[in-house]
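Step one of this worksheet: look at the structure below.
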Amino acid sequence: MTLVDRATGPAMETSHANGAQLSYCYTDALGSPAILASLPQLLLGKGGVSFRLSARPDYVRWLASFALNCSAWKFRQNTLEVLDLAAQSRRAMDRLCDRHSLRFDHRVAGKIHLLYSDRDRRQAEALQQLKSTAGCTQHIVERADLASLDPALTGLDSDVIGAISTPSEVVGDPYLFCRELTDILTRDYSVKTRFDCEVNAIREAGGEAQVSLANGDVLTADLALVAGANDSNWLLAPLGHCVPVQPMKGYSFEMPLAGGSPDMSVTDGKRRLVFTRLGDRIRVAGIAELGNRSRTIDPERIEWLINAARECLPDAGDYEQASHFWSGLRPATPHSQPIIRRASPTIAINTGHGALGWTLAMGSAERLADLLDD
């Protein structure tokens with residue numbers, strides 16, 4: 001088995017500095033009646049979520065399919081489908097960590113999702129009831145009781161009225177995880193790696209997949225697995241396959257701990273950002289710009305993210321020393337479910353995990369392996 005990656009090492013792109021949360025119970029589909037109602041503003045907006053205007057046929061088709069997935073019934077169905085995959089992924093991660101010694105700041109931190117209104121509370125109660133049927137344990141907590149979960153939560157935005165608490169949620173550093181896992185794969189399982197290696201094309205011939213590399217090499221295999229995120233179609237389209245993914249750009253930054261740094265993970269749905277404590281630092285991640293294909297870090301968006309985080313939790317860290325700015329392109333599907341399938345006898349696909357790539361990675365790999373065994 002050979003892993004080919006255009007980056008210089010594992011987890012150098014979208015997984016490099018994402019939100020660092022394994023959100024096994026937070027699988028809410030992006031498409032919902034509320035998002036559909038806000039679509040005109042999202043097409044023009046610059047807040048936490050924005051959809052770019054574009055006449056690209058693939059983008060227009062994606063938006064049309066997304067709109068069809070914004071009904072209450074579709075939101076429920078898509079959320080539960082991903083929730084089931086997340087539960088499988090958690091079990092697989094636990095087994096992996098039991099079998100191998102991986103060090104990646106992995107811990108059960110617990111998580112709160114902030115509520116700002118009675119409407120937020122009603123929606124949270126409905127989701128709590130929905131997810132309880134799939135085994136998620138969550139509680140609605142009043143603002144006055146948040147400090148009992150984490151003393152740092154006394155410093156929250158004064159508009160917060162409470163939160164939904166999920167004690168079982170987990171955090172970890174995805175970059176460290178991928179490095180550790182790569183070491184295990186190469187050392188114990190004879191996996192070869194070809195980093196800093198661009199793939200030019202994939203062809204199918206004689207019952208084999210032929211992978212042409214930019215340096216002129218051609219690799220042959222019984223099966224080629226395409227996990228190219230937003231660039232998957234660039235490789236798949238010439239083979240007659242296509243997947244409905246669009247880039248959703250996100251950002252993050254890190255800062256040193258301060259007196260008001262939370263130990264728990266915090267999600268602010270109003271501003272679309274998360275706080276995660278990783279060792280001696282706090283990572284803040286957020287922003288979802290659909291259709292933005294640029295990997296360039298926009299200073300204005302970083303400034304927005306820092307200001308939004310400061311408004312939510314002013315003492316979460318030392319904002320004056322904010323650094324390690326990052327941006328990444330999450331591959332989003334219209335129904336918020338990843339695409340895991342065998343496209344042909346020699347081609348398989350695993351992509352479209354959106355903002356839950358790391359959360360769903362282990363379960364997705366198991367499902368793909370099951371497909372290949374059939």
Side-chain angles (χ1 to χ4, degrees), residues 11 14-23 26 47-49 103-116 141 143 145-167 169-177 249-289 297-328 330 355 358-359:
T14 303
S15 297
H16 188 68
N18 61 25
Q21 297 184 5
L22 291 161
S23 298
Y26 286 84
V49 179
R103 291 177 289 183
F104 56 102
D105 290 331
H106 185 232
R107 66 187 178 92
V108 177
K111 178 174 178 174
I112 61 164
H113 189 290
L114 303 179
L115 308 176
Y116 285 90
V141 182
R143 183 185 178 110
D145 298 322
L146 288 174
S148 65
L149 299 179
D150 189 327
L153 301 179
T154 57
L156 285 165
D157 181 341
S158 60
D159 290 338
V160 172
I161 65 169
I164 183 165
S165 170
T166 311
E169 289 294 78
V170 181
V171 302
D173 189 322
Y175 173 66
L176 294 180
F177 173 80
K249 188 173 184 178
Y251 289 82
S252 75
F253 70 89
E254 293 182 358
M255 56 185 171
L257 300 180
S261 297
D263 191 58
M264 298 184 70
S265 298
V266 178
T267 293
D268 184 348
K270 181 172 77 171
R271 299 176 177 88
R272 294 281 178 164
L273 55 84
V274 300
F275 297 81
T276 307
R277 184 170 185 160
L278 293 171
D280 61 354
R281 65 200 192 278
I282 291 286
R283 179 175 296 170
V284 179
I287 302 179
E289 295 178 338
I297 296 176
D298 183 344
E300 291 186 5
R301 302 304 277 148
I302 287 290
E303 182 181 6
W304 183 93
L305 184 60
I306 292 173
N307 290 338
R310 200 193 297 262
E311 289 173 1
C312 175
L313 202 52
D315 301 318
D318 187 348
Y319 287 95
E320 298 305 316
Q321 295 191 55
S323 61
H324 294 93
F325 306 121
W326 165 90
S327 69
R330 315 170 185 112
W358 190 30
T359 297

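These numbers were taken from a predicted model, which means no experiment stands behind them.
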Discussion item. Between Thr154 (side chain only) and Ala147 (backbone N and O only), is there a donor and an acceptor less than 3.5 Å apart?
Written reply: no
Discussion item. Taking Gly328's backbone N and O only, do any of them form a donor-acceptor pair with Thr14's side chain (distance below 3.5 Å, no angle check)?
Written reply: no
Item to complete: Using the test side-chain contact (heavy atoms from CB on, under 4.5 Å), find all partners of Ala355 that sit at least two apart in sequence or belong to another chain.
Response: Arg330
Practice prompt. List for me each residue that meets salt bridge (charged side-chain N to carboxylate O under 4.0 Å, His left out) alongside Glu311, sequence neighbours excluded, and say none if there are none.
Written response: Arg271
Item to complete: Using ring pair (Phe, Tyr, Trp, His ring centres under 6.0 Å) as the criterion, list what pairs up with Phe177, not counting sequence neighbours.
Response: Phe104, Trp358
Below 3.5 Å, can you tabulate the donor-acceptor pairs from side chains in residues 158-166 to any protein atom, sequence neighbours excluded?
unit_1	atom_1	unit_2	atom_2	d
Thr166	OG1	Tyr26	OH	2.9
Thr166	OG1	Gln138	NE2	2.9

Worksheet item: Are the side chain of Ser261 and the backbone N or O of Ala316 linked by a donor-acceptor pair below 3.5 Å?
Response: yes
Response to the item:
Test side-chain contact (heavy atoms from CB on, under 4.5 Å), reference Leu153, set Val141, Asp145, Ile112, output is Ile112
Item to complete: Name all residues meeting the salt bridge (charged side-chain N to carboxylate O under 4.0 Å, His left out) criterion together with Arg310; count only those two or more places apart in sequence or in a different chain, and write none if there are none.
Response: Glu320
Worksheet item: What distance do Thr359 atom OG1 and Glu169 atom CD have between them, rounded to the nearest 0.5 Å?
Response: 8.0 Å
Worksheet entry | Non-neighbouring partners of Arg283 that pass salt bridge (charged side-chain N to carboxylate O under 4.0 Å, His left out), sequence neighbours left out | Glu254
Item to complete: Would you please classify the geometry between the Tyr175 ring and the His16 ring as parallel, tilted or perpendicular, with 30° and 60° separating the classes?
Response: perpendicular
